[in-house]
Amino acid sequence: MQIDLKLAALIFDVDGTIAETEEAHRQSFNRAFEQEGLNWRWSPELYDELLAVTGGQERIHHYIDHYSPVYSKPDCMPDFIESLHQIKTRKFHEALSSGQIPLRPGVKRLTQEMRDAGVRLGIATTTTHSNVTTLLETSLDPAAPKWFDVIAAGNVVPRKKPAPDVYHYVLQELGEDPLACLVIEDSQNGLRAALGAGLRTVITVSQYTRTHDFSGASLVVDHLGEPDAPATASQGSLNPSRIIDLNLLESLLTTNTAP
Ligand code: XBP
Ligand code: MG
């Protein structure tokens, strides 16, 4: 017997999903290093490796531990990393405010469709909370942060993706059944976190995740699609639509139960 479920909530990842932000993050890290007189430079190739570690502070710590960059060791490493990351975050806000980072295709369209249909919206991200609100205000709508019933970011949970903590947190705040929710993600770490919380996931592949393993995703597409820019699926099926819309998302929720 087939049960058609209604979508109760759609949960978005941020970096690489709502917008292609990682290149701006990478450049913001490098500008912070330069401002602090550190001759560290994260090339796109190195950043691709470092992205395996989620969280900017954790990424800096990992870089220091595993790439042994030249610098004079501070008395207090946590304070040093936190201060460096705060500078980086300010640089990232400048990039956002200059309008350099557009939304990915379909994000504005789909969030509006969800709001019109009464489907709740959530955010589950590893990035810093102020990055989320600044991105939403500058690229979606000045009031956009209020469209989301929950914005779970950064250190709101003890363990970052691929741990499922942030998705468990969002589900708890929403009070919704995971079977009536869906996630939009872009990375392997994000997919593992969502699946770990029992959430079906649509992947929109991004600039730094083209080679990731998306086993377990309900659908993998190049982007959410627009009527004049159809999406292409590399895993799962988009038929008959060529964009990710409410009908397509609810078809992913349908559960086949024993008769
Ligand atoms: C991606 C991340 C973040 C960003 C950098 O987050 O792992 O760490 O790369 O942002 P998402 P911060 O879960 O949205 O894909 O420096 O603020 O961490
Ligand atoms: Mg992401």
Side-chain angles (χ1 to χ4, degrees), residues 11-33 40 42 44 46-64 81-96 101 103-104 107 121-136 139-140 145 148 150-157 159-170 183-197 199 201-214 217 220-221 223-224:
I11 305 165
F12 282 87
D13 163 56
V14 174
D15 291 303
T17 299
I18 287 182
E20 284 283 17
T21 52
E22 288 299 355
E23 191 48 22
H25 279 301
R26 181 183 72 86
Q27 291 170 19
S28 300
F29 279 108
N30 286 335
R31 289 193 182 107
F33 301 153
W40 307 348
W42 289 358
L46 173 56
Y47 195 62
D48 192 29
E49 286 176 34
L50 294 174
L51 274 171
V53 178
T54 58
Q57 294 193 43
E58 294 81 351
R59 197 167 298 143
I60 293 170
H61 205 296
H62 173 80
Y63 172 68
I64 289 170
I81 289 176
E82 185 176 6
S83 160
L84 194 52
H85 189 251
Q86 284 170 351
I87 295 167
K88 174 264 172 181
T89 299
R90 282 198 294 274
K91 304 285 184 193
F92 184 70
H93 287 183
E94 288 165 15
L96 289 176
I101 308 172
L103 290 178
R104 292 200 66 189
V107 169
L121 293 170
I123 278 181
T125 178
T126 309
T127 195
T128 307
H129 193 279
S130 63
N131 289 345
V132 184
T133 49
T134 307
L135 173 66
L136 293 175
S139 63
L140 188 50
F148 295 81
V150 57
I151 296 179
N155 296 325
V156 74
V157 289
R159 299 178 307 162
K160 290 186 168 71
K161 301 172 185 177
D165 300 30
V166 70
Y167 282 105
H168 282 307
Y169 177 90
V170 170
V183 168
I184 312 284
E185 265 280 0
D186 75 305
S187 70
Q188 183 174 321
N189 278 337
L191 173 62
R192 284 170 53 197
L195 294 178
L199 287 159
T201 304
V202 172
I203 292 289
T204 53
V205 183
S206 66
Q207 176 184 12
Y208 277 100
T209 69
R210 290 188 187 106
T211 60
H212 285 199
D213 174 3
F214 295 125
V220 178
V221 288
H223 51 74
L224 292 172

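We use all heavy atoms of the structure for the numbers below, so side chains are in, but hydrogens, waters and symmetry mates are not. Whatever order the structure lists them in is the order used to number ligands and atoms, beginning at 1.
With a heavy-atom cut-off of 4.0 Å, Glu22 touches ligand 1 through its side chain alone. Within the 4.0 Å heavy-atom criterion, the part of Asp13 lying near ligand 1 is the side chain and not the backbone. Only the side chain of Phe29 comes within 4.0 Å of ligand 1, judged by heavy-atom distances. Proximity of Asn131 to ligand 1, defined as any heavy-atom pair under 4.0 Å, is confined to the side chain (atoms from C-beta onward). With a heavy-atom cut-off of 4.0 Å, Phe12 does not touch ligand 1 at all.
Looking only at heavy atoms of the protein, atom 6 (O) of ligand 1 is closest to Asp15 OD2, 3.2 Å. Ranking the protein heavy atoms by distance from atom 10 (O) of ligand 1 puts Thr127 OG1, 2.9 Å first. Among protein heavy atoms, atom 14 (O) of ligand 1 sits closest to Thr125 OG1, 2.6 Å. Atom 17 (O) of ligand 1 has Thr128 OG1, 2.7 Å as its closest protein atom, hydrogens excluded (heavy atom only). The single protein non-hydrogen atom nearest to atom 18 (O) of ligand 1 is Gly56 N, 2.7 Å, given as residue, atom name and distance. The single protein non-hydrogen atom nearest to atom 8 (O) of ligand 1 is Gly55 N, 3.0 Å, given as residue, atom name and distance.
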Residue pair Glu20, Tyr208: steps toward the side-chain hydrogen bond (donor to acceptor under 3.5 Å, both in side chains) verdict: CA-CA 9 Å; Glu20 284 283 17; Tyr208 277 100; over 6 Å; no

Derivation and outcome, salt bridge (charged side-chain N to carboxylate O under 4.0 Å, His left out), residues Asp186 and Arg104: CA-CA 11 Å; Asp186 75 305; Arg104 292 200 66 189; over 6 Å; no

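Here the two rings, on Trp40 and Phe29, have centers that are 6.0 Å apart or farther.
Residue His25 approaches ligand 1 through these ligand atoms, each under 4.0 Å from one of its heavy atoms: 4 (C), 5 (C), 10 (O). Using a 4.0 Å cut-off to heavy atoms of Val14, the atoms of ligand 1 that qualify are 14 (O).
Geometry about the Mg ion (ligand 2) gives an angle of 90° between O of Asp15 and OD1 of Asp186, rounded in steps of 10 degrees.
Residue contacts to the Mg ion (ligand 2): Asp13 brings an N, O or S atom closer than 2.8 Å.
Not a single heavy atom of Gln57 sits closer than 4.0 Å to an atom of ligand 1. Assignment of Lys88 to the shell around ligand 1 is supported, since a heavy atom sits closer than 4.0 Å.
No option in Arg59, His25, Gln27 other than Arg59 meets the side chain to side chain donor-acceptor pair (under 3.5 Å) test with Tyr47.
Of all the heavy atoms in Ala52 and Asn189, the pair that sits closest is O-ND2, 3.1 Å. Here the closest heavy-atom approach between residue Leu136 and residue Pro145 is recorded as CD1-CA, 3.9 Å.
Between the side chains of Thr21 and Asp15, at least one donor N or O lies within less than 3.5 Å of an accepting N or O. For the 3.5 Å distance criterion, the side chains of Glu58 and Tyr63 fail to qualify, holding no donor opposite an acceptor.
Closest heavy-atom approach to atom 7 (O) of ligand 1 among the candidates Lys161, Arg59, His129: Arg59.
For ligand 1, the polar-atom distance check against Thr89 finds no nitrogen or oxygen pair separated by under 3.5 Å.
The distance from the OG atom of Ser206 to the NE2 atom of His223 is 13.0 Å, given to the nearest 0.5 Å.
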